[in-house]
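Data first, discussion second: the structure below is written as C-alpha cells.
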Amino acid sequence: MDISAEEEKPLYSQRPEWADIIPLEQYENVTPLAPIFYTDEYKDATNYFRGIVKSGEMSPRVLELTENIIRQNPGHYSAWQYRYKTLMALKTPLDDELQLMDELAIKHLKTYQVWHHRRLLVQQTRNPGPELEFIANSLQVDTKNYHTWSYRQWILAYFNDDKLWSRELDFVESMLENDVRNNSAWHHRFFVVFQSGIRNGDEDRDAIVRRELAFVKERIALAPNNASAWNYLRGVLDHSKIPYSELQTFVMPYSLPQPPWAVGGDDLMKATELWKSLANEHDTIRKRYWEYRTKESLKTKSAGDG
C-alpha cells in the first residue's frame, strides 16, 4: 500500500472535522480465523469510509477520503464507485479528475478499477480526443498492458469517430516497428482492420486482405520464429476464408528443418525454385529479398563445392 502521500497527516480519528462521523470496523462483532493485517492508516481511513457510506454523505471531504484510500489500495472498487457517485452528485469539474487519473493510471497500469473509472469520466466529458495520446504515453511504460489496450479499443469503438480512427493503423505500425513480437499490437491491428466495421476508403475488402497479407509476410521475414505474426496470418486467412493451402509456396521455405545450403543437392534446387517463384509471382513486394536468399545460397554452395 502506498501511504507516502498521507504520512504527515493525522489519522481521521484524530481530526476534529471528522468527529461527526462514526467509524465502522470491518470486523465489528466478528473474530475472523485469518484476519488481514492492514496498516493503521488504511484501517482508519476505511473505517471512516464505511461510516460515510452508511450516512450517505456526498461532499468534498468524501472525495479527499476516497482519494486517500485509493492511493493506499487502488483496487478498492467500493471506494472508486462511491467516489464516482460523489463526483456526479457534486457536479465536480471532471477535467480535474482526469488529471488525477493521469497520475494514478501511470502508477497503477494493471489495476482494472483505474481504467474503469476513467471510462466513466470520458463517457461524461464526451471528449475522447486527448485519450489516444494519453494511452500512447501509457504504452511506453508497458507496451503489452492488457487494460491499456482494452481501453484504447473501447475509446475507438464507443465514440466511433473517423478522426479517432484515421491514424490508428499508423499508430499500430509504429508499435510493431518498435517490437515486431508485441502480440498485443498484432491483436489491436486485427481489431482495427477486421473487427470494427468498414470505414471510408476500406470498402474494397479484397484489397485490404492483400495489403494485410503483404504486411504480415514482411514481418514474418524479419522474425520467422515470431508466433504473433504467424497467428495474425492465420487470423487473416480464417477471417477471409482463404484456404491455408494457397500459402503453401510462401510457407515452404520456413518449414525446412535446416538451411538448404547445408544439405545441397535436390533440397537446394527445390528451395531456390521456391524462392524464385516467390520473387517473380507470389511475393513480388519482397522480390529483392528472395533474390538475395537465392544468390546467397548458391554462393555458399559454390564455396562448399570448391
Side-chain angles (χ1 to χ4, degrees), residues 63 66-67 70 74-176 182-203 205 208 211-212 228 231-232 235-236 238-239:
L63 297 179
T66 52
E67 181 181 344
I70 287 166
H76 197 305
Y77 57 86
S78 296
W80 282 110
Q81 180 189 41
Y82 203 79
R83 180 178 183 83
Y84 178 73
K85 291 172 66 175
T86 302
L87 288 167
M88 294 299 100
L90 298 180
K91 295 182 170 50
T92 304
L94 298 184
D95 288 341
D96 295 342
E97 184 73 1
L98 280 170
Q99 288 184 10
L100 175 62
M101 291 305 100
D102 289 353
E103 174 199 343
L104 294 179
I106 295 297
K107 285 183 177 179
H108 308 292
L109 285 172
K110 296 186 178 181
T111 302
Y112 166 77
Q113 288 82 359
V114 174
W115 296 102
H116 180 69
H117 186 72
R118 192 177 189 98
R119 180 184 297 194
L120 294 175
L121 298 176
V122 176
Q123 283 179 311
Q124 295 294 326
T125 64
R126 309 296 300 179
N127 182 26
E131 294 302 287
L132 293 186
E133 181 179 357
F134 171 77
I135 296 167
N137 292 334
S138 299
L139 287 171
Q140 297 305 309
V141 179
D142 183 352
T143 60
K144 301 177 183 179
N145 186 275
Y146 170 80
H147 298 304
T148 314
W149 283 105
S150 295
Y151 180 64
R152 190 176 186 94
Q153 291 185 2
W154 176 81
I155 286 287
L156 292 165
Y158 183 82
F159 292 98
N160 200 26
D161 188 314
D162 288 343
K163 291 182 179 179
L164 297 176
W165 288 106
S166 63
R167 300 183 64 183
E168 201 58 18
L169 270 185
D170 291 338
F171 169 75
V172 77
E173 284 189 27
S174 71
M175 295 296 293
L176 290 171
N182 187 337
N183 190 59
S184 298
W186 281 108
H187 180 272
H188 187 67
R189 186 179 183 93
F190 196 86
F191 166 79
V192 172
V193 176
F194 295 110
Q195 295 181 317
S196 56
I198 300 174
R199 285 168 289 284
N200 292 335
D202 290 344
E203 292 83 1
R205 302 311 290 173
I208 296 300
R211 181 195 71 192
E212 292 306 298
S228 298
N231 287 336
Y232 186 83
V236 174
D238 289 345
H239 185 273

Under 3.5 Å, side chain of [X] to main-chain N/O of [Y], donor-acceptor pair present?
| X | Y | answer |
| --- | --- | --- |
| E173 | F171 | no |
| R167 | L164 | no |
| N182 | T143 | yes |
| S166 | K163 | yes |
| W80 | T66 | no |
| W115 | L109 | yes |

- request: Please step through side chain to side chain donor-acceptor pair (under 3.5 Å) for the pair H188 and E168, ending with a clear verdict.
  value: CA-CA 9 Å; H188 187 67; E168 201 58 18; 2.7 Å; yes
- request: Measure the shortest side-chain to side-chain distance between M88 and L94 over non-hydrogen atoms and say whether it is less than 4.5 angstrom.
  value: yes
query: Does a side-chain heavy-atom distance below 4.5 Å link L120 with Q123?
result: yes
- request: Report the C-alpha separation of E212 and F190 in whole Å, then their side-chain angles, then the decisive distance to 0.1 Å, and conclude whether the side-chain contact (heavy atoms from CB on, under 4.5 Å) test is met.
  value: CA-CA 9 Å; E212 292 306 298; F190 196 86; over 6 Å; no
query: Which salt bridge (Lys or Arg N to Asp or Glu O under 4.0 Å) pairs, counting each pair once, include a residue from residues 113-123, with sequence neighbours left out?
result: D102-R118, R118-E131
Output the distance between atom [atom1] ([X]) and atom [atom2] ([Y]), rounded to the nearest 0.5 Å.
| X | Y | atom1 | atom2 | result |
| --- | --- | --- | --- | --- |
| S228 | W186 | OG | CH2 | 8.0 Å |
| Q153 | H187 | CD | NE2 | 5.5 Å |
| Y146 | Y112 | OH | OH | 9.0 Å |
| L169 | R189 | CG | CZ | 5.0 Å |

task: Could you check T111 against H116 for side-chain contact (heavy atoms from CB on, under 4.5 Å), going step by step and ending with a plain yes or no?
output: CA-CA 9 Å; T111 302; H116 180 69; over 6 Å; no
message: E97 vs H117, test: side chain to side chain donor-acceptor pair (under 3.5 Å). Steps then yes/no.
response: CA-CA 10 Å; E97 184 73 1; H117 186 72; 3.0 Å; yes
- request: Please report the shortest heavy-atom distance between R152 and L132, naming the atom on each side.
  value: NH1-O, 3.1 Å
- request: Mark yes when over 12 heavy atoms from residues, nucleotides or ligands other than E203 sit less than 6.0 Å from its CD; otherwise mark no.
  value: yes
- prompt: Can you list the residues that meet the side-chain contact (heavy atoms from CB on, under 4.5 Å) rule with T92, with sequence neighbours excluded?
  reply: L63, L87, L90
- prompt: Taking only residues two or more places apart in sequence or in another chain, which ones pass side-chain contact (heavy atoms from CB on, under 4.5 Å) with Q81?
  reply: K85
